[in-house]
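What follows is a short report on a single structure.
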Number of protein chains: 2
Amino acid sequence: MDKLKKQVRSFEVAELANISRSTVSRALSGDPRISEETRARVEAAAAKLGYQPNLIARGLKNQSTGIVGVVVTDLDNPYHAHALQLLIEKLGAKRLAPLVFVGDTAEGAENAIARLMSYQVDAVIALAAPFSKQIVAACRAGKKPLILMNRYDGPDDVSFVCGDSHRAGSIVADHLIENGATSFAYFAGDDTTSISADREHGFTQRLAEKGFELTGRAASRYDHAQAMSVAPMLLACGAEAIFCANDTLAFALLDAARTMSPFGRPLIVGYDNSSLAAWPAYALTSVDQNLEKMTSVTVETAHAMVGDAHGGVSRIVIEPYLVARGSTSPQSRT
Amino acid sequence: MDKLKKQVRSFEVAELANISRSTVSRALSGDPRISEETRARVEAAAAKLGYQPNLIARGLKNQSTGIVGVVVTDLDNPYHAHALQLLIEKLGAKRLAPLVFVGDTAEGAENAIARLMSYQVDAVIALAAPFSKQIVAACRAGKKPLILMNRYDGPDDVSFVCGDSHRAGSIVADHLIENGATSFAYFAGDDTTSISADREHGFTQRLAEKGFELTGRAASRYDHAQAMSVAPMLLACGAEAIFCANDTLAFALLDAARTMSPFGRPLIVGYDNSSLAAWPAYALTSVDQNLEKMTSVTVETAHAMVGDAHGGVSRIVIEPYLVARGSTSPQSRT
DNA sequence: ATGCATTGTTCACACGTGTGCACAACCGGA
DNA sequence: TCCGGTTGTGCACACGTGTGAACAATGCAT
């Protein structure tokens, strides 16, 4: 090792510019009391030494670290992975740093929050996390602002950003009716979250308005293998159109349908519009939750909450939209 | 807000236990000089108040934050997403916290590292990142230990953990020959990393040893749509077996082959063994890089490097293995 | 020349923690 | 009683930064 000298500190910048350390701090933070001439000198010195302020020390002093905790689940679901990527990028643009933990189990989630607290994060974003009860409780105990993304289970005073699942269900119903379906089924997931229930409720309610009702229903874990084993039972009900709680379920259903009867299958709609949905092999009509916008809004909300003593609670609903593809084109039916 | 009291500090624990703050610190850190009796009293007080040490302050004092920077690319690739998830879990088990940034572009990567430096991370893990040159340079400048995962472009003194791509290529060649193929092609990606080149080199070298050579070759971005548009050209070469640099390419190739000639196609092998490969619709034979082990080793290496003044350089190669499925079963050929 | 406002800079403290050193308490041996 | 050794605890400093208050310098009016 050439030099084991530590990172440059603001003291050294001050030394080089023949000036006190506090002036360096003020010059770089844009304090108007600093003359333009010294500011230039300070900036030159800082650039020359490659000075980067120690954000840990700053965080300790300012009681604000610029770190945002992100609790995420099941990154094997491409939808979650994509959401995380967008979150990270947008947080970065706001000069916030994401400390990421996985909260797959109840105690895992609790443990994750505890770690985040220790690191004095400025806010917590929980991404489609189950165990939101634990997370809400822990954040409340630690007085940290919390934003649930794609979940709104908590009590009235927790903020969330999520899609309008109820409306999405109704949009799907309209689309299927428009394309000629007259009998319908729903393929549910195994979660008991409110947004999942809303999808189904919005779907059936709209169907009822048009004079239809569900002729079939099945549930499965969000897992290709299990979904495929459940699918035949659902297909057997003979419904002309099936709405799935999730793209994963929809892909399994398509695969199963292809195997059972290669030349005719019901109209199928998924949820999440993952990139596979666009593959010609599936061409799956799917609900897009507008993750782009959802993550933007989430980050902006988090950013706004950092300063506020999290007095404000914001509960925002994002409009989803349908992306129609071959899986619901009328001619694909029997 | 009921109380806007901040987090509990060690001072309050000391107060409650009628003891000095330093004793609290020592008791909790397991210093042998503390009597068993006071230790119990301190622990009781800490538990009662729910005291969690402020890791930011500790980090400032100890010059070691317990934060590990993770630079990642393209989370839309399920392979990367899965790797990230494993990394996060295994870092957590070692009580390290991952600060995650996305480094898709050159200046993005550089920027990410700069942020990591500011946060005084103890080490940096770069996950299959392009622009490793920038990352290596930045980490060297900041004197931070760096581990490249699945990349070994850098100079001799940077540590890495990666799969034995050369050997994987040779395993694939053997497998295809065993299953009766006599003519071969390679479907390359658009990256110029050494591991990518190794896959192809290991493949062709083994073929040459057995008296065969490549009859076709194509390259595409790692993207389903583009890969599908390139695929017909590659299939036209008539090779009986095709090795793809990536599962994404392999799926596109399978889709294209299905469309062109539904009842006969070459043997196809992918790389990464992503979860889709197991889906019956694809049943893709693929090389598994043993991500489980790769991430474990990476985290252990990072953990070991934290204390050391990163004098040690460790360069570790993980053995890959082949998962054979229907896409290379002999009867699937024409 | 002295008082006062303005402007630019420095001093000193605080954030919450870990730890070297000094120190108190106690005990046993002379 | 005095001394040396052992054991447990407290004082005070350091980590690197931001910032209120004090202070030097200058200009202006009296």
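In what follows, every chain begins at residue 1, and chains take the letters A, B, ... in the order their sequences are listed.
One can place CD of A:Gln63 at 14 Å from P of D:dG18, the figure rounded to the nearest angstrom. B:Ile56 places its CD1 atom 13 Å from the P atom of C:dG18, with the value rounded to the nearest Å. As rounded to whole Å, 5 Å separates atom P of D:dG16 from atom CZ of A:Arg9. Rounded to whole Å, atom P of D:dA14 lies 13 Å from atom CZ of A:Phe11. If you measure from atom CD of A:Gln7 to atom P of D:dC15, you get 15 Å, rounded to the nearest angstrom. Here the C1' atom of nucleotide C:dG8 and the CZ atom of A:Arg26 are 10 Å apart, to the nearest Å.
Phosphate proximity of C:dG18 to B:Arg58: present, with a side-chain N or O under 4.0 Å from OP1 or OP2.
Environment of NZ in B:Lys94: crowded, with over 12 heavy atoms of neighbouring residues, nucleotides or ligands closer than 6.0 Å.
If you find the closest nucleotide of DNA chain C to A:Arg21 and to A:Pro32, the one lying nearer the 5' end belongs to A:Pro32.
The side chain of B:Ser25 lies closest to C:dT19, out of D:dG10, C:dT19, D:dT17. Closest contact between the side chain of B:Arg33 and the listed nucleotides D:dT9, D:dG16, C:dT9 involves D:dT9. Among the nucleotides C:dG16, D:dA12, D:dT17, the one closest to the side chain of A:Tyr51 is D:dT17. Comparing D:dA12, D:dT19, D:dG16 by their nearest atom to the side chain of B:Ser22 picks out D:dA12.
Side-chain atoms of B:Asp191 and B:Thr193 form a donor-acceptor pair, as typed in the model, at a separation below 3.5 Å. Checking A:Gln7 against A:Tyr51 by side-chain atom types alone, no donor-acceptor pair falls below 3.5 Å.
In this structure, the side chain of A:Thr295 engages the main chain of A:Leu291 through a donor-acceptor pair within 3.5 Å.
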